[in-house]
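Keep in mind that the numbers below use all heavy atoms, side chains included, and drop hydrogens, waters and symmetry copies.
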Amino acid sequence: YVKVVLDIYQVLSKNARVDWWKNHEMKRVMRNKIDDYLYDELKLNQGIELSVEQIDAIVDDVMKLAENNHEIFAK
C-alpha cells in the first residue's frame, strides 16, 4: 500500500502546476494520469482485481485529498 500511495503522490507531483486545483483542465489531466496508473500498473501489471467503479472511487478520493491539501503540491 505504501508503494501505491507514493506512486500516486509522484503522479500528482509531476503534473501539479501553479493553481492546478483551480484549473479544470489540469485536474482532468491529473485524474486521467491517476486512472492510468491504477489500471495499467495495479490491474494489468500486478494483477490486482479492481472494477471500474473501484478505480473511479479511488480517483475521486485521491483528487479530493489532493485538492484539500493543494499546498503540498505548490510549485
Any ion pair linking Lys3 and Asp7 (charged N to carboxylate O, less than 4.0 Å)?
-> yes

Lys33 side chain to Val11 main-chain N or O, any donor-acceptor pair under 3.5 Å?
-> no

How far does CG of Leu38 sit from CD1 of Ile48, to the nearest 0.5 angstrom?
-> 9.5 Å

Once you round to the nearest 0.5 Å, how far does CD of Glu49 lie from CG of Leu42?
-> 11.5 Å

Cluster overlap Leu65 with Val59, hydrophobic side-chain contacts below 4.5 Å = no

Do Asp19 and Arg17 come close enough that some side-chain heavy atom pair is under 4.5 Å?
-> no

Separation between CD of Gln46 and CD of Glu41, rounded to the nearest 0.5 Å | 5.0 Å

Check each of Arg31, Glu25, Met26 against Val29 using the side chain to side chain contact (heavy atoms under 4.5 Å, CB included) test, and report the only one that passes.
-> Glu25

Residue pair Trp20 / Met30: nearest heavy atoms and the distance that separates them = CE3-SD, 3.5 Å

From CG (Asn15) to CD (Gln10), nearest 0.5 Å | 11.0 Å

Would Met63 and Leu12 satisfy side-chain contact (heavy atoms from CB on, under 4.5 Å), going step by step from the backbone distance to the final call?
-> CA-CA 9 Å; Met63 289 303 295; Leu12 291 168; 4.2 Å; yes

What class does the angle between the rings of Phe73 and Tyr9 fall in, given that below 30° is parallel, 30 to 60° is tilted and above 60° is perpendicular?
-> tilted

Please check if the side chain of Glu67 supplies one atom and the backbone of Lys64 the other of a donor-acceptor pair under 3.5 Å.
-> no

Separation between CG of Asn23 and CZ of Arg28, rounded to the nearest 0.5 Å | 10.5 Å

Rounded distance [0.5 Å steps], CD1 in Ile58 versus CD1 in Ile34 = 10.5 Å

Scanning both residues in full, the closest heavy-atom pair of Val4 with Tyr37 reads CA-OH, 3.6 Å

